[in-house]
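This report refers to the structure that appears directly beneath it.
Just so we're on the same page: letters track the sequence lines, and every chain starts at 1.
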There are 2 protein chains.
Amino acid sequence: MIPPSIGSPACLPQELVSSPVFLLGRLGFEIKRRAIEELEAAGSSMYHYSVLALLGEGACSAQAAIADVLKLDRSQLVGLLDELEQHGFIERRRDPSDRRRHTVSLTAEGRDQLGRLRALVRRIEDDFLAPLDQQSREALYGLLLQVARHHDARFSRPAEQAAAVG
Amino acid sequence: MIPPSIGSPACLPQELVSSPVFLLGRLGFEIKRRAIEELEAAGSSMYHYSVLALLGEGACSAQAAIADVLKLDRSQLVGLLDELEQHGFIERRRDPSDRRRHTVSLTAEGRDQLGRLRALVRRIEDDFLAPLDQQSREALYGLLLQVARHHDARFSRPAEQAAAVG
DNA sequence: TATTGTTATACTCTATAACTATA
DNA sequence: TATAGTTATAGAGTATAACAATA
């Protein structure tokens, strides 16, 4: 009783499937969704991971700087740092030279947590890129990085321009 | 007076930059943001474009089917179709064989609008992928499609498996 | 007056749940 | 009773604005 033109179509419109933009948007959304889901199940979040990763490289410490690099709102960062501090992963201390500022630093436990989250994210990544072999993954990464650098200078590595990928 | 360890760091943590997942998430978000922004400035939206593109290929007509393919909520689709109908881009008619259903179809004006939006999206795409030459774009597209197909069967083309990319 | 971190508020999406009319 | 479309409601997430302490 179902006419062929009605009913659930088999696939997405070819016009959208053939668009790199549409594909990129969908995949970006999906990988983000997965990461959020799995990190939340582990009692953490992508935001936590980003902040810990940043502090792990010792790049910056003032809250405003952290917010700028990660493109977060300062007021949003406050809540994140509260949570990380409650778990004992970071410390906030007043900067003696400018008492308005808070110096944020990673604790030993924070470093451990960073290691756990890093492993988890690597696994998520590995699952997501499952259909690609190592060579294809590197090719994909290289192409994405070219595009990212073109739009956002912060993706450029200042010194080690020719370092290995993974 | 600014100590070197404070202040705004030059770039993102290497750990995040070297992660395909992070990169994919960022780029997907950014391209989506641009598309939303530019289509909105043109009085339309990515949702409108998706619906028109789907109808343009004549694949389906019942609202529930449209919602399923585009992964939209049925209640969300109602508002979108309202807008498209107000602009005269689509028509809703009751299906005589099942008066609960609405048969949605593209008008001549809708087809014109689809053409305009298609051109706009192509331009956005072209700008976004500017740093890549044609060969790199095709390589990127191929890799993204492999991943997309692995996670969502609707990205598979039923017949023309070996068709051209762009 | 300007800036840092903070708190409070408003707004936009989206997801869920109820409602109607048909089957 | 179940389903298609619709409407109404609630929640999460995010952006904006006000605030207190310090420069």
Side-chain angles (χ1 to χ4, degrees), chain A residues 1-3 5-9 25-26 29-30 32-33 35-37 39-41 44-48 50-51 55 60-86 90-105, chain B residues 1-3 5-9 25-26 29-30 32-33 35-37 39-40 45-48 50-51 55 60-86 90-105:
Chain A
M1 281 300 291
I2 300 172
S5 61
I6 311 283
S8 189
R26 278 285 171 119
F29 184 84
E30 175 61 17
K32 203 173 166 186
R33 193 193 62 73
I36 289 170
E37 188 178 282
L39 286 174
E40 192 175 317
S44 188
S45 80
M46 236 3 219
Y47 293 118
H48 286 194
S50 300
V51 172
L55 294 176
C60 67
S61 48
Q63 290 190 199
I66 297 173
D68 288 349
V69 180
L70 298 178
K71 273 201 176 165
L72 298 172
D73 195 90
R74 294 185 186 186
S75 60
Q76 200 180 352
L77 184 63
V78 173
L80 288 174
L81 294 180
D82 286 347
E83 291 165 2
L84 290 170
E85 200 171 31
Q86 279 164 24
I90 64 151
E91 275 181 356
R92 269 193 276 216
R93 274 165 298 185
R94 286 218 170 272
D95 182 342
S97 72
D98 183 343
R99 288 186 44 75
R100 292 175 302 184
R101 280 182 171 152
H102 277 169
T103 295
V104 184
S105 60
Chain B
M1 281 299 290
I2 300 174
S5 61
I6 309 281
S8 188
R26 277 286 171 118
F29 185 82
E30 176 60 19
K32 204 173 165 185
R33 191 193 64 72
I36 288 170
E37 187 178 282
L39 286 175
E40 192 175 317
S45 78
M46 234 3 218
Y47 291 117
H48 286 193
S50 300
V51 171
L55 293 176
C60 67
S61 49
Q63 290 190 200
I66 297 172
D68 288 350
V69 179
L70 298 178
K71 272 201 176 164
L72 297 172
D73 195 272
R74 295 183 185 187
S75 60
Q76 201 181 350
L77 184 63
V78 173
L80 289 174
L81 293 180
D82 286 348
E83 292 165 2
L84 290 170
E85 199 171 31
Q86 280 165 23
I90 62 152
E91 275 180 356
R92 270 192 276 214
R93 274 165 297 185
R94 286 217 172 273
D95 182 342
S97 72
D98 183 343
R99 290 184 43 75
R100 290 173 305 184
R101 280 183 172 150
H102 278 170
T103 295
V104 185
S105 60

Within-4.5 Å side-chain heavy-atom neighbours: L81(B) and Q63(B): yes
Nearest-nucleotide comparison on DNA chain D, the residue closer to the 5′ end among I36(A) and R99(A): I36(A)
4.5 Å side-chain heavy-atom contact, L80(B) and L72(B): yes
Distance in angstrom units between D82(A) CG and dG5(C) P, rounded: 13 Å
Listed nucleotide nearest any side-chain atom of Y47(A), set dT22(D), dG5(D), dT14(D): dT14(D)
Per A64(A) side chain, nearest of listed nucleotides dA4(D), dG5(C), dT14(C): dG5(C)
Rounded distance in Å - CZ (R74(B)) to C1' (dA8(D)): 18 Å
Between P of dT3(C) and CG of D95(A), the distance in whole Å: 17 Å
Rounded distance (Å) that lies between atom P of dA8(C) and atom CD of Q76(A): 17 Å
Close side-chain approach of Q76(B) and Y47(B), heavy atoms under 4.5 Å: yes
Out of dG5(C), dA23(C), dT6(D), whichever nucleotide has its closest atom nearest the side chain of H102(A): dG5(C)
Minimum-distance nucleotide to V78(A) side chain [options: dT7(C), dT14(C), dA23(C)]: dT7(C)
Interatomic distance where CD1 belongs to I90(B) and P belongs to dG5(D) [whole Å]: 12 Å
Closest-nucleotide 5' rank along DNA chain C - winner of S75(A) and D73(B): S75(A)
Base of dT3(C) paired with side chain of R100(A) (donor-acceptor, under 3.5 Å): yes
Whole-Å distance separating the CZ atom of R94(A) from the C1' atom of dT3(C): 13 Å
Heavy-atom side-chain proximity of R33(A) to E30(A) below 4.5 angstrom: yes
Whole-Å gap separating P (dA21(D)) and CD (Q63(A)): 17 Å
Length of the line joining L81(B):CG and dT7(D):P, which is rounded to integer Å: 12 Å
Residue R92(B), side-chain heavy atoms: nucleotide from dT6(D), dG5(D), dG5(C) that is nearest: dT6(D)
4.5 Å side-chain heavy-atom contact, R94(A) and H102(A): yes
